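Below is one structure, written out as structure tokens; comments come after it.
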Amino acid sequence: MTSRTILFHKEWTLQPDREPDAEPTTYAMQCAVCDETSPPSTDFAEPQSWVFAHGGGNPSHHTYREIITRPWRAWWKQ
């Protein structure tokens, strides 16, 4: 019995997943001072409101990071 190996080159394509069943894009904000993070939301205004509440309770916390979670999909080009 002999075995043989077949190799082939495939190119991949990558793009944001906009299919109807794709996960939603979510937004969150993270305090760069204490690393506390808002709950994720599909409405970017909710994490931004969290910043004002967090900053109001922590007056020295002035810097934040936006965290965007966006679904992507990859497949082989034909």
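Bear in mind the structure is a predicted one, so any value in this text is a computation, not a measurement. Each residue takes its place number in the sequence, starting with 1.
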Practice item. Kindly say whether Met29 contributes a backbone atom to a donor-acceptor pair with the side chain of Ser38 at under 3.5 angstrom? Key: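 Checking the backbone N and O of Met29 against the side chain of Ser38, a donor-acceptor pair under 3.5 Å is found.
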Practice item. Would you confirm whether Asp17, through its side chain, and Glu19, through its main-chain N or O, come within 3.5 Å as a donor-acceptor pair? Key: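 Flag set: sc Asp17 to bb Glu19 pair under 3.5 Å.
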Check your understanding: Linking I/L/V/M/F/W/Y whenever their side-chain heavy atoms sit closer than 4.5 Å, directly or via other members, would Trp75 and Leu14 fall into one cluster?
Key ->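 No, it is not one cluster - the side chains of Trp75 and Leu14 are not joined through contacts under 4.5 Å.
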Check your understanding: Would you say Lys10 and Lys77 make side-chain contact, with heavy atoms under 4.5 Å?
Key ->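 No, their side chains stay 4.5 Å or more apart.
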Check your understanding: Is the shortest heavy-atom distance from the side chain of Thr5 to the side chain of Leu7 under 4.5 Å?
Key ->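 Yes. Closest side-chain heavy atoms under 4.5 Å.
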Non-hydrogen atoms of [X] and [Y] that approach each other most closely:
X	Y	value
Tyr27	Asp43	CD1-C, 4.4 Å
Arg65	Cys31	NH1-O, 3.8 Å
Glu23	Pro71	O-CG, 2.9 Å
Gln15	Trp72	C-CE3, 3.1 Å
Pro47	Pro39	CG-O, 4.3 Å
Glu36	Trp50	O-CH2, 3.4 Å

Review point. Hey, what's the ring geometry for Trp76 with Trp12, parallel, tilted or perpendicular (30° and 60° as the breaks)?
Key: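 If you compare the ring of Trp76 with that of Trp12, the planes turn out perpendicular.
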Point to revise | Value rounded to 0.5 Å, distance of OG1 in Thr25 from CD1 in Ile68 | key: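 Answer for the OG1-CD1 pair, Thr25 versus Ile68, is 8.5 Å.
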Exercise for review: Can you measure from CD (Glu66) to CD (Gln48) and round to the nearest 0.5 angstrom?
Suggested key: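 Here the rounded value is 7.0 Å.
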